[in-house]
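Read through the structure below, which is laid out as C-alpha cells, and then see the notes.
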Amino acid sequence: MSAILAIDQGTTSTRAIIFDGDGQRVADAQQEFPQYFPNDGWVEHDPAEIWSSTLEVCRQALVNANLQASDLAAIGITNQRETSILWDRASGEPVHKAIVWQDRRTAPLCEKLRREGHEALVVERTGLLLDPYFSATKIAWMLDNVEGLRLRAERGELAFGTVDSWLLWCLTDGRVHATDATNASRTALFNIHEQRWDDDLLALFQVPASLLPEVHDSAADFGSTAPSLLGSAVPVCGIAGDQQAALFGQACFERGMAKSTYGTGCFLVLNTGSQAMRSENRLLTTVAYRLDGKVTYAMEGSIFVAGAAIQWLRDGLGLISHAAESEELARKVGSNNSVYLVPAFTGLGAPYWDPHARGAITGLTRDSGIAEIVTAGLQSVCYQTKDLVRAIQNDGAPLKTLRVDGGMVGNDWLIQWLADMLNVEVDRPEITETTALGAAYLAGLQVGVFTDLDQIASKWQRNRRFSPTMSPGSREKAYQGWLDAIDRVTRTR
Ligand code: ADP
C-alpha cells in the first residue's frame, strides 16, 4: 500500500492527484470554483465551496485510479497560502467568506501600522513585510467588520485557519485544528525563529490567541479523515503551502538550490538551509519546511505577472490566439529586441514592491510589430527573474541551481532566454506537477513510503538543461534597457 493522495487547493481550482510509491502520477481530478469580487481590490472564496470541491476531486481521483480509500497510505495537502478563514468551533460553519491572498482591502491598516513604525518588528519576527498579502490584517478585518465576531473570538468560540487548516478540520470532521510551519509562517503572526505564535504580533494585529491552530512539522500525524467521507479513514501526514511544496517536489533540499514556478505569476524560492537570511532587498524570509522539529529556511521573491502577460497579449490585445504561439514569434525576433513590456498591471512585486506602478511598452520604433511586442512579453518574465536573482545575490545568498516548473516552462525559447539573461544553468524536470508531488513526498516520508530526502532527491529527473550562451555585452545591454523601462514606470507615479 504505497499510493498517496495529494490535495492541491489552488487559487482558481482544486486538484487531487494520486501518486504511486515511485512518485509517478496514477490519476487525477480537477475542479474550478467561483471567485467573488465584492469590491474594488477585494477577492473572496466561499469556504464551503473550497471544501466541497476538495471532497469531490478526492472521490473522483480515487474513481479514476480505480482505487479505494483503503488503498491509500496517506494524504498530503498543499494550498494557496495566506488566504484566511474564520469558523465557529461548535457548528463548524464559516462566519465570513475566505479573504484571499490577492485581496487588498487591508492596505489602509497596513499603511497605518507602517506609519506608526511597526514594520521592523514584523520583518524581524516573521521575515515578511507589512502588506495586505499576509493573513494577520485579514483576520483583524473580519473581527472588526462583522458584528459580534470580536466578542465571539474573545470568548473562544471561533477558529482561524489558512486553507490547509480549514480542509484538515473538515476532513477530520472538526476533530483537528492544526496547520504546518510553512503555512503558519505566512500569517505574519508566527515567529519563524522561535517557531511559535508571537504574543507581540498578536497584540499588534489584535488577534486573540484562542483563534489559532496548533503548528506541526510539515510531515506529521495530522489525524485521520472521517471514515464516511472517502469510504474509510486515511491519515493526513503532510502539509505545506504551495510554493514550499513546489520547492520540496523539486527536491531542492540543499542550501543554494532554488525553484522558480512560472504560472500566472512567478515565485522564486531559494533554500538557505538552517539560516534564516534577512534580505536588504525586500525579499521575504520564510520557512521552506520543518521536519523532525528542524527548520529549513528559504528566501522568496514573487512576481505578480508572468504568464498573465501572455494571457493579456492573447485575450486583451488579441495579438496571438494561443500562448504557445509566442515561441514561434520570439524565434523570429531573436534576442535583439529593442521593445520592452513592463507588465506592472497591479503594481510591481519583489524587489520593487511598488503598488502604484503601472504597465508600459517602451522602445517602439517604426518597424516594431506584433512579434516584437509578444517577444517583449516573454522577455519581461526573464528580466523580472533577473531582478530577483540580483536581489538574492546582493543579499549574499548562495544560488547554485535553478529548477523551473509551471505552465510556461514548456516554452523552450523562454527558458533558454532565461538561462541567457540570468547567466546560470536552468534545469527543467520531467515531472512539472511539483506542487502536488511535494505534498505527496511529505506525506510519504511520514508513513515510510519514502525513506529520506536522499531517496526523494534521487527520483528527481531532468528533462533538459538550458545553459547560457549569450555574450556578457549583449546580456548587459538588454538588461540595461529593462532597468530603463522600470525607471520610467516607477517615475511616472
Ligand atoms: P496557474 O497555475 O497560475 O493557473 P499554469 O501553471 O497553469 O498557471 O500556467 C498557465 C500560464 O502559462 C498562463 O498564464 C499562460 O499564458 C502561460 N503559458 C502556457 N503555455 C505557454 C507557452 N507555451 N508560452 C508562454 N506562456 C505560456
Side-chain angles (χ1 to χ4, degrees), residues 6-17 25 28 30-35 43 45 53 57 78-83 100-102 163 241-247 249-250 259-269 302-333 337 341 343 345-346 349 359 370-371 373-385 403-418 421 426 428-429 431-439 463-464 466:
I7 295 170
D8 179 359
Q9 204 303 304
T11 309
T12 56
S13 74
T14 307
R15 312 181 60 184
I17 305 185
R25 175 219 298 252
D28 68 356
Q30 179 164 5
Q31 228 183 69
E32 292 200 3
F33 61 90
Q35 311 282 314
V43 188
H45 292 158
S53 67
V57 295
T78 179
N79 55 290
Q80 52 167 323
R81 304 175 301 172
E82 298 102 7
T83 296
V100 177
W101 59 274
Q102 297 151 319
V163 169
D242 53 9
Q243 300 310 321
Q244 281 93 339
L247 185 79
Q250 286 269 31
K259 72 88 204 175
S260 197
T261 301
Y262 295 93
T264 307
C266 158
F267 295 86
L268 195 154
V269 181
S302 24
I303 299 167
F304 301 141
V305 176
I310 308 305
Q311 269 166 2
W312 175 72
L313 292 167
R314 186 192 63 191
D315 306 337
L317 299 190
L319 298 186
I320 48 177
S321 40
H322 301 286
E325 270 172 45
S326 59
E327 182 162 358
E328 270 164 62
L329 293 176
R331 284 194 194 286
K332 277 192 214 139
V333 174
N337 187 13
L341 193 165
F345 302 136
T346 54
I370 289 174
I373 294 174
V374 171
T375 304
L378 291 178
Q379 289 172 311
S380 74
V381 175
C382 306
Y383 290 130
Q384 292 184 94
T385 309
R403 296 179 168 177
V404 294
D405 53 58
M408 294 189 90
V409 304
N411 187 322
D412 287 355
W413 188 90
L414 173 76
I415 306 305
Q416 179 58 48
W417 215 76
L418 179 68
M421 190 36 57
V426 177
R428 182 171 65 193
I431 299 184
T432 54
E433 293 291 355
T434 55
T435 309
L437 184 59
N463 162 270
R464 182 165 162 193
F466 296 83

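All ligand and atom numbering here is 1-based and tracks the order in the structure.
- Applying the 4.0 Å criterion to heavy atoms of Gln311 picks out, from ligand 1, the atoms 13 (C), 14 (O), 16 (O).
- The N/O atoms of Gly407, backbone and side chain alike, include one that comes under 3.5 Å of an N/O atom in ligand 1.
- Expressed to the nearest 0.5 Å, how far CD1 of Ile303 lies from OG of Ser260 amounts to 6.5 Å.
- Listed by atom number, the atoms of ligand 1 under 4.0 Å from Thr264 heavy atoms are 1 (P), 3 (O), 4 (O), 8 (O).
- Note: an N/O pair closer than 3.5 Å links Asn411 and ligand 1 by distance alone.
- For Ala371, the side chain to side chain contact (heavy atoms under 4.5 Å, CB included) partners at least two apart in sequence or on another chain are Leu329, Val333.
- Note that CD of Glu433 and CZ of Arg15 are 4.0 Å apart. Values are rounded to the nearest 0.5 Å.
- To the nearest 0.5 angstrom, Gln35 atom CD is 7.5 Å from Thr11 atom OG1.
- The aromatic rings of Trp312 and Phe345 sit tilted relative to each other, their planes meeting at an angle between 30° and 60°.
- Within ligand 1, the atoms closer than 4.0 Å to a non-hydrogen atom of Gly307 are 14 (O), 16 (O), numbered from 1 in the order shown.
- Under the 4.0 Å criterion applied to side-chain N and carboxylate O atoms, Arg331 and Glu327 are assigned as salt-bridge partners.
- Using a 4.0 Å heavy-atom cutoff, Met408 is listed among the residues neighbouring ligand 1.
- Looking at every heavy atom in both residues, Thr435 comes nearest to Ala246 through OG1-CB, 3.9 Å.
- Taking only non-hydrogen atoms, the option from Ser13, Gly263, Ala323 nearest to atom 11 (C) of ligand 1 is Gly263.
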Which donor-acceptor pairs under 3.5 Å do side chains of residues 405-414 form with protein atoms, sequence neighbours excluded?
residue: Asp405; atom: OD1; partner: Thr261; partner atom: OG1; Å: 2.6
residue: Asp405; atom: OD2; partner: Gln250; partner atom: NE2; Å: 2.8
residue: Asp405; atom: OD2; partner: Thr434; partner atom: OG1; Å: 3.1
residue: Asn411; atom: OD1; partner: Trp413; partner atom: N; Å: 3.2
residue: Asn411; atom: OD1; partner: Leu414; partner atom: N; Å: 3.0
residue: Asn411; atom: ND2; partner: Ser326; partner atom: OG; Å: 3.3
residue: Asp412; atom: OD1; partner: Arg428; partner atom: NH1; Å: 2.8
residue: Asp412; atom: OD1; partner: Arg428; partner atom: NH2; Å: 3.2
residue: Asp412; atom: OD2; partner: Arg464; partner atom: NH1; Å: 3.2

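- For atom 24 (N) of ligand 1, a protein heavy-atom neighbour is present inside the 4.0 Å cut-off.
- Within the listing of ligand 1, atoms 16 (O), 26 (N) sit less than 4.0 angstrom from a heavy atom of Ile310.
- Contact annotation: for Ser326 versus ligand 1, heavy atoms closer than 4.0 Å belong to the side chain alone.
- Close approach to Ala308 involves these atoms of ligand 1, each under 4.0 Å from a residue heavy atom: 14 (O).
- If you look at Ala306 next to ligand 1, there are no close heavy atoms at all, none under 4.0 Å.
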